[in-house]
Amino acid sequence: MGAAIAAAEAAPAPSKAKFRRIAVEETFATHEYLEARLKMVSGPNAVLPPNGQSPSDGKLMDLGAGRLADMDAAGVDFQVCSIFTSTGMLPKDISTGIMQRSNDILAKGVQANPKRLGGLIGVFPQNINDAVKEIERGAKELKLNGAIINSTTLNEYLDDPKYLPVWEALAEHDLSLYLHPSRPPRQMIEALDIPGYNTAWSFGVDAGTHAVRIMAAGIFDRFPKMRLVLGHMGESLPFWIYRMDIHYRREFPTANPSKLKKEPGEYMRENIYVTSSGMNFWPQVRMAQDVLGPDHVMFALDYPFENLKDGVKAMDEAPMPDDVKHKFYHGIAEKIFKIPA
């Protein structure tokens, strides 16, 4: 890593061009959801560990002056906001109501500041029919920019055929899906519950595994225009792309039992987009751009969990060509989240 940092520091001076900075993984929450989440982290039926790194509830719930002030201080022009993590563990009997009301609150925040804020439809697939209806409502009535699912749903992955109606609804409305990490499911938690490494490792390992399962289930063959967005520089998948392709060929040398049309790397370069949320570190951004292509790597900060000024400064100083930096900072987001330029 030291050599990579030295190489980055020795690169040519950064461009002086002006860029519109759109950050696409910026968190919000409602009081109702935070109260429900509190029940999931305490008591005998807890399904989540206490999260000592969370900022104040007020910062998460603020879709107005406080958020805009933080954006201005860091030089962020536009945020795409999305519901806080672990929603997939909400009990089924309350998930639909919380989903609808949180999306209503987000839409009102966006409508109040349309030149500064966008939003993703919070999709809680616990109740499949309700989730499909909420995708349609979010796209048609609330005019939100895409959708987000916080990884597993009651310990289940989206490769389960019963979730096909959710994929069909996303495809029908041409919505990009942000697959955000969450608490690993029951079948993985024993191995991944590593104190001090949950957010940076365990959550990402589960989200990356989820994305691989989606590829392997043929979702991108069934929906070839589907756009799956992964944060945190792709939850490690860009790093594994070469080895995944080689061993995929070795495991299926003469026939492909799953009848997939493409190899893993092709799906990654065509259907998967990654963001720099919490990972605004030039050597890793450059690697992702090299292996996925500059049209599939975009800017995010992970507000309010990361230092916004540090993230902006690191990417401002990154020696990307101006045309690539325009794509990274705003061009890709404008396209896949339908944000007016």
Problem - Donor on one side chain, acceptor on other, Thr275 and Tyr178, under 3.5 Å - result: yes
Handout entry: Salt bridge flag under 4.0 Å for residues Lys92 and Asp130
Key = no
Exercise for the section: May I ask you to say whether Lys133 pairs ionically with Glu136, meaning some side-chain N is under 4.0 Å from a carboxylate O? Expected result: no
Practice task
Verify the cluster assignment for Leu154 and Trp167: are they in a single hydrophobic cluster under the rule of side-chain heavy atoms below 4.5 Å apart?
Solution key: no
Practice task
Identify the two heavy atoms, one from Pro181 and one from Thr85, that lie closest to each other, and give their separation to 0.1 Å.
Solution key: O-OG1, 2.6 Å
Exercise for the section: Please check if the side chain of His330 supplies one atom and the backbone of Ile22 the other of a donor-acceptor pair under 3.5 Å. Expected result: no
Problem - Donor-acceptor pair, side chain of Asn103 and main chain of Gly122, under 3.5 angstrom - result: yes
Fill in the blank from the handout: What one should report as the nearest heavy-atom pair of Val166 and Val132 is N-CG2, 4.1 Å
Fill in the blank from the handout: When every non-hydrogen atom of Phe124 is compared with those of Ser95, the smallest separation belongs to CD1-O, 3.3 Å
Practice task
Using modelled atom types only, decide if a donor and an acceptor are shared between the side chain of Gln126 and the backbone of Thr87 within a distance under 3.5 Å.
Solution key: yes
Exercise for the section: List the atom of Asn150, the atom of Phe84, and the distance in Å for their closest heavy-atom pair. Expected result: ND2-O, 3.2 Å
Problem - Shortest non-hydrogen contact between Ile339 and Ala333, atoms and distance - result: CD1-O, 3.8 Å
Handout entry: Arg21 to Phe299, cation-pi by 6.0 Å centre distance and 45° axis angle
Key = no
Problem - Over 12 foreign heavy atoms within 6.0 Å of NZ, Lys338 - result: yes
Practice task
Verify salt bridge (Lys or Arg N to Asp or Glu O under 4.0 Å) between Arg67 and Glu26, making sure each step is shown before the conclusion.
Solution key: CA-CA 10 Å; Arg67 183 177 294 258; Glu26 316 312 313; over 6 Å; no
Completion exercise
Leu179 and Ala211 have their tightest heavy-atom pair at CD2-N, 4.1 Å
Practice task
Ignoring hydrogens and angles, tell me if any N or O in the side chain of Tyr329 forms a donor-acceptor pair with the backbone of Asp316 under 3.5 Å.
Solution key: yes
Using residues 224-235 as the side-chain source, report each donor-acceptor pair under 3.5 Å to any protein atom, sequence neighbours left out, with the distance given to one decimal.
unit_1 : atom_1 : unit_2 : atom_2 : d
Arg227 : NE     : Ser176 : OG     : 2.6
Arg227 : NH1    : Asp174 : OD1    : 3.0
Arg227 : NH2    : Asp174 : O      : 2.9
Arg227 : NH2    : Asp174 : OD1    : 3.3
Arg227 : NH2    : Ser176 : OG     : 3.4
His232 : ND1    : Glu235 : OE2    : 2.8
His232 : NE2    : Glu25  : OE2    : 3.3
His232 : NE2    : Asp302 : OD2    : 3.3

Exercise for the section: Ignoring hydrogens and angles, tell me if any N or O in the side chain of Asn127 forms a donor-acceptor pair with the backbone of Asn129 under 3.5 Å. Expected result: no
Handout entry: Side chain Lys325, main chain Met315, donor-acceptor under 3.5 Å
Key = yes
Handout entry: Salt-bridge criterion met for Lys162 and Glu156 (N-O under 4.0 Å)
Key = yes
Handout entry: Side-chain donor or acceptor of Asn280 paired with backbone N/O of Ala300 under 3.5 Å
Key = yes
Handout entry: Whether Gln100 side chain and Glu134 backbone form a donor-acceptor pair below 3.5 Å
Key = no
Exercise for the section: Indicate yes or no for a side-chain donor-acceptor contact from Asn145 to the backbone of Gly118 under 3.5 Å, with no hydrogens or angles considered. Expected result: no
Problem - Leu34 reachable from Met99 in the ILVMFWY side-chain graph, under 4.5 Å edges - result: yes
Exercise for the section: Could you check Asp77, Asp72, Asp70 and say which one makes a salt bridge (Lys or Arg N to Asp or Glu O under 4.0 Å) with Arg116? Expected result: Asp72
Practice task
Examine distances only and state if a side-chain atom of Lys143 and a backbone atom of Ala107 form a donor-acceptor pair shorter than 3.5 Å.
Solution key: no
Problem - Pairwise side-chain contact, Leu142 with Asp104, heavy-atom cut-off 4.5 Å (strictly under) - result: yes
Problem - Trp240 CH2 to Met268 CE distance, which is reported to the nearest 0.5 Å - result: 11.0 Å
